[in-house]
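To start, the structure under review is shown below, and the notes come after it.
A, B, ... follow the sequence lines: proteins, then strands. Residue 1 opens every chain. Below, each value reflects all heavy atoms present in this structure, side chains not excepted, and no hydrogens, waters or symmetry copies.
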2 protein chains.
Amino acid sequence: MDDDVNRLPLTSSLVFRLGTLGSLATARFSAAIESRGLKPKHVGLLAALSGGAASSQLELSRVMGVAPSLVVSLADQLEGMGALRRVRDPADRRRQTLVLTDSGHALLAECTALAQGLDAELAAALTPEEGEALRRALGVLAREAGLPGG
Amino acid sequence: MDDDVNRLPLTSSLVFRLGTLGSLATARFSAAIESRGLKPKHVGLLAALSGGAASSQLELSRVMGVAPSLVVSLADQLEGMGALRRVRDPADRRRQTLVLTDSGHALLAECTALAQGLDAELAAALTPEEGEALRRALGVLAREAGLPGG
DNA sequence: TATTGTTATACTCTATAACTATA
DNA sequence: TATAGTTATAGAGTATAACAATA
């Protein structure tokens, strides 16, 4: 009579667990970077720039999967805090090329260190082998989905 | 000079990848259940009820990590589509016990099947061993974080 | 006429706070 | 006076659509 005995519960599916753990991870990262005045998407933009995945704002909006208007707003704020500069592309003056400043590189490095700290907290519950397997599997899925980062 | 050569990029950290893949997983699941008139949180509520993790609305808000007012709204909608009934606890008439109807059980079973389909799509990029390792690691993290589902 | 960036506006999601009923 | 639930309101985050500048 009860369906649940015959099937894996929804809550242990990959999609459900990725969803809930992803939201938890984002919340923790958000709290960690809050004191720098950053939100996760700011950091995503910095990382995409640093990785060379994109330089113009429209390219960034495609790579990040967000609306162009959001990139404008994120770039405004990052420019305001001195993390990047807008440089007009002389070959096509419509394009704004975003360039990380030294301070932007340093900010990204700080965020990377914070992320590594959170990684260590997460991985503490896992054996080294489990942690490594998790990294590998998530890497495959990220590549498969066309997400930034190698 | 370039920081990136000496450290793992932010985009391959566990937190970043859980965040981005989690948001992708939620978007896919959301699209899959949309035709049923459901959002992921509706399904989360059904799953929490079915798993016996909570019965009163306030308990549900704690288990799900959302505001009590949101549980009211989700329960309103699920009640409106006949997936659950509100039953006053006779011992404490302030409490609304939420009970899944047959139709609610069936709806949850459909959503579970949809999730399993998405799981299969995700796992297609992984070897069987990688998929199993991913499931295990996410299970450990979910338990560690006190998330529902075993 | 098409494209890049920007601005203005609206929508979705969710929380906080005020309120009602019961304890 | 405290608690469960509800309603009203507000805020964050983001998208869509209209607009300006350049191609």
Mind checking whether B:Arg135 and A:Leu14 have side chains closer than 4.5 Å, heavy atoms only?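 The answer is yes, as the side chains (C-beta and beyond) meet within the 4.5 Å cut-off.
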
Sub-4.5 Å side-chain heavy-atom contact between A:Leu114 and B:Val15: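 The answer is no; the side chains never approach within 4.5 Å.
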
Round to the nearest Å and state the distance from [X] atom [atom1] to [N] atom [atom2].
X       : N      : atom1 : atom2 : value
A:Leu58 : C:dT3  : CG    : P     : 10 Å
B:Asp89 : C:dT22 : CG    : P     : 13 Å
B:Leu45 : C:dT14 : CG    : P     : 12 Å
A:Arg95 : C:dA2  : CZ    : C1'   : 15 Å
B:Gln57 : C:dT22 : CD    : C1'   : 15 Å
A:Asp76 : C:dA8  : CG    : P     : 12 Å
A:Leu74 : C:dG5  : CG    : P     : 14 Å
B:Arg88 : D:dG5  : CZ    : P     : 8 Å

Any salt bridge between A:Asp119 and B:Arg17, counting N to O under 4.0 Å?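 Not counted as a salt bridge, because no side-chain N and carboxylate O are separated by less than 4.0 Å.
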
Select base, sugar-phosphate, or nothing to describe what B:Val66 touches, counting heavy atoms under 4.0 Å on all strands.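 Counting heavy atoms under 4.0 Å across all strands, the contact made by B:Val66 is with sugar-phosphate only.
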
What pair of heavy atoms forms the shortest contact from B:Ser103 to B:Gly82, and how long is it?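 Closest pair (atom of B:Ser103, atom of B:Gly82, distance): OG-O, 3.5 Å.
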
Would you say B:Arg86 reaches D:dT6's phosphate, i.e. side-chain N/O to OP1/OP2 under 4.0 Å?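 Yes, within the criterion.
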
Distance test, side-chain N/O of A:Lys41 to OP1/OP2 of D:dT14, below 4.0 Å: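 Checking D:dT14 against A:Lys41, a side-chain N or O does come within under 4.0 Å of OP1 or OP2.
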
Selected nucleotide, minimal atom distance to [X] side chain, candidates [options]:
X       : options               : value
A:Arg94 : C:dT6, C:dA2, D:dA2   : C:dA2
B:Val72 : D:dT7, C:dC13, D:dA15 : D:dT7
B:Asp92 : C:dG5, D:dG13, C:dA23 : C:dA23
B:Leu70 : D:dT6, D:dA4, C:dT14  : C:dT14
A:Gln96 : C:dG5, D:dT7, C:dA15  : C:dG5
B:Ser69 : D:dA23, C:dA23, D:dT7 : D:dT7
A:Arg93 : D:dT7, C:dT6, D:dA23  : D:dA23

Would you mind telling me which residue lines up with the more 5' stretch of DNA chain D, A:Pro68 or A:Pro90, judged by nearest nucleotide?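 By nearest-heavy-atom nucleotide position, the 5'-most residue is A:Pro68.
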
Could you please spell out the steps behind the side chain to side chain donor-acceptor pair (under 3.5 Å) verdict for B:Arg86 and B:Gln57? CA-CA 10 Å; B:Arg86 280 179 162 103; B:Gln57 297 187 182; 2.9 Å; yes

